There are 2 protein chains.
Amino acid sequence: MSVSLRPSEALALWHDVTLDLVRDGGHDFSSRQITILLTIYLEPPPHTVRGLAAKLKVTKPVITRALDTMGALDLVTRRRDETDRRNVIIQRTVKGALFVEKMGDIIVARAKELPR
Amino acid sequence: MSVSLRPSEALALWHDVTLDLVRDGGHDFSSRQITILLTIYLEPPPHTVRGLAAKLKVTKPVITRALDTMGALDLVTRRRDETDRRNVIIQRTVKGALFVEKMGDIIVARAKELPR
DNA sequence: TCCAATTGTTACGGAGGCGTTATAGTTTGG
DNA sequence: CCAAACTATAACGCCTCCGTAACAATTGGA
């Protein structure tokens with residue numbers, strides 16, 4: 001238990017950060033895409049298409065398409081699971097790690113300058 | 001100046017909240033749409049298409065289309081500015097206010113249960 | 001062995017977003 | 001009073017995403 005935020009502060013923070021992402025980010029990701037990216041980079045591996053789909057309560061093609069998009073941007077990679085070749089293991093990339101790190105910095109900076 | 005967050009906490013918070021929005025929200029808004037909605041509900045009126053476009057650094061049709069979408073969902077409304085009929089004033093709705101309020105509650109709740 | 005179950009992907013038609021450009025309505029200044 | 005400036009929106013072709021359904025590859029149990 002930990003970060004104490006009032007609703008108005010919480011919304012102001014969300015507003016400021018998404019504004020930064022829109023203005024400076026270059027990309028315009030949906031909530032689904034953001035969630036998939038952060039899950040891959042924050043939760044312990046391995047990550048599979050089925051696992052992500054279950055966690056987000058969406059269908060598998062949604063995950064496949066999001067991986068296609070973010071793979072084309074070099075934010076994630078896919079690899080066959082050799083122990084069970086039906087599975088696909090989703091892996092992190094240097095570029096993706098930098099992207100997520102930058103996002104963390106934006107949130108921290110905006111939280112710091114929040115009026116209260 | 002105020003909310004102290006470390007990068008890992010910031011990202012975990014973002015992940016948890018977007019996950020809630022994806023799973024329970026029903027909608028899958030883009031960063032642009034979220035920013036537009038929060039700007040309307042957090043910053044003092046009046047809001048115009050031109051003003052929002054300038055703030056977000058996007059073209060005006062982007063704003064018009066977003067207002068079409070959120071208007072169809074009854075999250076915002078439009079009204080002609082009678083003092084200068086070229087302008088359109090974007091207004092809040094009860095449904096939109098409830099949506100934003102719920103979003104604030106989600107962020108607060110996720111911040112509270114953040115491990116640190 | 002072979003067939004049912006499970007994996008991820010592709011195909012399909014439809015819906016909606018994009019940027020650019022064109023348009024209609026309104027205001028303002030010479 | 002009228003042309004230039006400014007507002008928001010519509011139209012265009014393109015692209016990406018959606019959900020459903022079909023699919024190929026792989027596994028494991030009867």
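Since the structure is predicted, the reported quantities are computational estimates derived from the model, not experimental observations. Reminder, nothing fancy here: chain letters follow the sequence lines and each chain counts from 1.
The rotation axes computed at either terminus of the helix from C/dT1-D/dA30 to C/dG30-D/dC1 lie 0° apart, taking five pairs at each end and rounding to 10 degrees.
Looking at the side chain of B/D84, the nearest of the listed nucleotides C/dT27, D/dT26, C/dG8 is C/dT27. Of the candidates D/dC6, D/dT9, D/dT27, D/dC6 carries the atom nearest the B/R86 side chain, counting heavy atoms from C-beta on. The side chain of A/P61 sits closest to C/dT10 out of C/dT10, C/dC18, D/dT9. Of the candidates C/dT27, D/dT27, C/dT20, the closest approach to any side-chain atom of B/T59 belongs to C/dT20.
For D/dA5, the OP1/OP2 oxygens have no side-chain nitrogen or oxygen of B/R50 closer than 4.0 Å. For the OP1/OP2 pair of C/dG17 and a distance below 4.0 Å, the side-chain nitrogens and oxygens of B/T69 include at least one atom meeting the criterion. Taking side-chain N and O atoms only, B/T64 has no distance below 4.0 Å to OP1 or OP2 of D/dA8. For the OP1/OP2 pair of D/dT16 and a distance below 4.0 Å, the side-chain nitrogens and oxygens of A/Q33 include no atom meeting the criterion. Regarding contacts with the backbone of D/dT9, a side-chain N or O of B/R78 is found under 4.0 angstrom from either OP1 or OP2.
Between B/H15 and A/T35, the side chains place no donor N or O within less than 3.5 Å of an acceptor N or O (distance only, hydrogens not considered).
Of the possible polar contacts, one joining the B/T93 side chain to the B/D74 backbone as a donor-acceptor pair under 3.5 Å is found. Without hydrogens or angle criteria, B/S30 side chain to A/F29 main chain gives no donor-acceptor distance under 3.5 Å. In terms of modelled atom types and a separation under 3.5 Å, the side chain of B/K95 and the main chain of B/L73 share a donor-acceptor contact.
Within the nucleic acid shown, B/D81 has no heavy atom closer than 4.0 Å to any nucleic acid atom.
Where B/R80 and A/R65 each meet DNA chain D at their nearest nucleotide, the meeting point lying more 5' is that of B/R80. Both B/I63 and A/T48 lie near DNA chain C, and the one whose nearest nucleotide falls closer to the 5' end is A/T48. Nearest-nucleotide positions on DNA chain C place A/D68 closer to the 5' end than the other of A/D68 and A/D28.
To the nearest angstrom, P of D/dT16 lies 10 Å from CG of A/L73.
Environment of CZ in B/R92: crowded, with over 12 heavy atoms of neighbouring residues, nucleotides or ligands closer than 6.0 Å.
Taking each heavy atom of A/L5 and B/I107 in turn, the nearest pair found is CD1-CG2, 4.3 Å.
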Next item on the list: For salt bridge (charged side-chain N to carboxylate O under 4.0 Å, His left out), just list the numbers for B/D20 and B/K102, CA-CA rounded to whole Å, side-chain angles, deciding distance to a tenth of an Å, and then say yes or no.
Entry: CA-CA 11 Å; B/D20 281 348; B/K102 190 169 188 174; over 6 Å; no
